[in-house]
Novice: 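I'd like to ask some things about the structure below.
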Amino acid sequence: MELSRMEREASKPLNWGKIFYERQLANTKENRQDKFLRHSVRSALEKNASCTGSLDGSVVLNELNDDELCAFFAQYPSCEYFSLRSWTSISNKVLRCISITFAERLIELDLSGSKVSNIHLDLLLVRCTKLEVLKLNHCPEIEVLGMTLVVRLLQRSLRELYLSDCREVRCDALLWIAGAIGPQNLGLRLLQCLDLSYCPIVDKGFVAIPHTCNKLQFLNLQECAELTDESVLAVAKHCRHLQLLNLSGCMHLSDKAASSLGSGWGQLVVL
């Protein structure tokens, strides 16, 4: 035993005391960081006391770092209504943490006003098997590939889709929503509410929507200035459950479009 101890002592580097001290100092710093992490997350949790139902993560996104955000969101496994609005950047690590923690329970997701990329959508939506409402208003990077992901991942659950002022949502994106293109021609056949206001869309892409999305009850086409009678006639023919139709700012419509919506529509309100 004594020989073994002497061999261990002999094998130590000459500066082993300094090495031991530096390790202890590093451990102390890590412990302090852990305490700060717990304190910052605890403060954020105190501002969002409910661990069930709805959660707005927009504020804490700018207050916590990635590790702290993951620790924060991990406390909400029962979240069903989630908002994460108005951000310009977010790490894949945080989005993956959100997805793993509560995406399977989500009913509504609001990412409005954010720079949502296709990668972001893929990370968030891949586990959203129950998602009924998706809000992507004023998201400048939403385009055809993003709509491809939305259709493929949410076609069995999505009821409401909000794309107001998404300037890159054009013809091909609408054709994906309608199931007119794509390997399986899926489409969002369960949609009851669709907001395309202020999107630069034209008849060529839009006329396919009413054929597939014939369960629509609310349709917002405000300031879709390039649409003509052709689009309104398609809506009148196929969307017989419609209750509210916003056509304000659609400057190329004639009396023919108005008359197609004039009779046999029950409670339809046209703005």
Side-chain angles (χ1 to χ4, degrees), residues 103-104 106-112 116-137 139 141-222 224 226-228 230-247 250 260-261 268:
E104 292 180 353
L106 279 182
I107 297 174
E108 179 175 322
L109 176 61
D110 187 356
L111 301 173
S112 297
V116 185
S117 70
N118 299 326
I119 294 176
H120 297 151
L121 284 176
D122 194 14
L123 287 170
L124 281 172
L125 300 183
V126 69
R127 291 181 173 84
C128 290
T129 57
K130 299 179 180 179
L131 196 69
E132 297 182 5
V133 180
L134 179 59
K135 297 180 179 181
L136 298 171
N137 298 320
C139 292
E141 296 187 8
I142 296 295
E143 36 78 35
V144 60
L145 293 180
M147 285 301 98
T148 301
L149 289 167
V150 170
V151 171
R152 286 178 170 174
L153 297 173
L154 302 179
Q155 53 99 11
R156 294 183 179 180
S157 64
L158 198 64
R159 263 71 172 175
E160 300 181 21
L161 178 60
Y162 298 85
L163 297 169
S164 179
D165 197 32
C166 291
R167 310 303 294 180
E168 297 302 318
V169 172
R170 302 175 184 270
C171 181
D172 286 349
L174 297 184
L175 292 176
W176 269 97
I177 293 173
I181 59 175
Q184 297 177 326
N185 293 333
L186 300 174
L188 298 176
R189 301 178 183 275
L190 301 179
L191 277 187
Q192 298 176 3
C193 178
L194 178 60
D195 186 352
L196 295 170
S197 57
Y198 297 93
C199 292
I201 59 177
V202 296
D203 292 332
K204 180 181 178 181
F206 178 78
V207 291
I209 295 286
H211 290 267
T212 300
C213 306
N214 52 25
K215 293 181 174 63
L216 282 174
Q217 298 179 24
F218 304 93
L219 178 59
N220 190 356
L221 300 175
Q222 181 179 2
C224 295
E226 298 301 316
L227 295 182
T228 70
E230 183 181 2
S231 291
V232 178
L233 291 173
V235 171
K237 181 178 180 180
H238 298 284
C239 298
R240 304 304 296 182
H241 301 286
L242 207 59
Q243 299 178 26
L244 178 63
L245 175 61
N246 191 346
L247 295 173
C250 297
S260 70
L261 300 169
L268 175 64

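As the structure is a computational prediction, the values presented were derived from the model and not from experiment.
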Novice: Do N118 and E143 have side-chain atoms, one donor and one acceptor, less than 3.5 Å apart?
Specialist: yes
Novice: Do you know which two heavy atoms are closest between A234 and P210, and how far apart they sit?
Specialist: O-CB, 3.4 Å
Novice: Going from CG on L163 to CD1 on I177, what distance comes out if it is rounded to the nearest 0.5 angstrom?
Specialist: 5.5 Å
Novice: If you define the side chain from C-beta out and look only at heavy atoms, does anything of F218 sit under 4.5 Å from Q192?
Specialist: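 They are not in contact (no side-chain heavy atoms under 4.5 Å apart), so the answer is no.
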Novice: H241 and N214: which non-hydrogen atoms are nearest, and at how many Å?
Specialist: CD2-O, 3.5 Å
Novice: Determine whether D203 and L227 make a side-chain contact, defined as any pair of heavy atoms from C-beta on separated by less than 4.5 Å.
Specialist: yes
Novice: Please set out all donor-acceptor pairs under 3.5 angstrom arising from side-chain atoms of residues 122-129, sequence neighbours excluded.
Specialist:
unit_1, atom_1, unit_2, atom_2, d
R127, NH1, S99, OG, 3.2

Novice: On a heavy-atom basis, which atom in S112 and which in D110 lie closest, and how many Å separate them?
Specialist: OG-OD1, 2.7 Å
Novice: Between K135 and E108, does any side-chain N to carboxylate O distance fall below 4.0 Å?
Specialist: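 A salt bridge is present here (some side-chain N lies under 4.0 Å from a carboxylate O).
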Novice: Within this structure, what is the CD1-NE2 distance for the pair I209 and H238, rounded to the nearest 0.5 Å?
Specialist: 12.0 Å
Novice: Pick out which of L111, L196, N137 makes a side-chain contact (heavy atoms from CB on, under 4.5 Å) with Y162.
Specialist: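 Result for side-chain contact (heavy atoms from CB on, under 4.5 Å) with Y162: N137.
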Novice: Using modelled atom types and a 3.5 Å cut-off, is there a donor and acceptor pairing between side-chain atoms of T212 and backbone atoms of A178?
Specialist: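 Yes, T212 side chain to A178 backbone: donor-acceptor pair under 3.5 Å.
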Novice: Given 3.5 Å as the limit, does a donor-acceptor pair link the side chain of N220 with the main chain of S197, or not?
Specialist: no
Novice: Does S157 reach the side chain of K130, with side-chain heavy atoms less than 4.5 Å apart?
Specialist: no
Novice: Can you tell me how far the CG atom of L174 sits from the NZ atom of K204, to the nearest 0.5 Å?
Specialist: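 Output value for this atom pair is 12.0 Å.
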Novice: Within a radius of less than 6.0 Å around CZ of R167, do more than 12 heavy atoms belonging to other residues, nucleotides or ligands occur?
Specialist: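 Count over threshold, so yes.
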Novice: Using 0.5 Å steps for rounding, measure from the CG atom of L190 to the NZ atom of K215.
Specialist: 6.0 Å
Novice: Rounded to the nearest 0.5 Å, how far apart are CG of L221 and CG of L194?
Specialist: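 Answer rounded to 0.5 Å: 7.5 Å.
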Novice: Quick one: SG on C166 to CD on E141, what's the gap to the nearest 0.5 Å?
Specialist: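 That separation rounds to 11.0 Å.
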Novice: Pairs of donor and acceptor atoms involving the side chains of residues 144-155, under 3.5 Å and at least two apart or interchain, shall be tabulated with distances.
Specialist:
unit_1, atom_1, unit_2, atom_2, d
T148, OG1, V144, O, 2.9
T148, OG1, W176, NE1, 3.4

Novice: Within a strict 4.5 Å, meaning less than it, do heavy atoms of the P200 and R170 side chains meet?
Specialist: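 Yes - at least one pair of side-chain heavy atoms lies under 4.5 Å apart.
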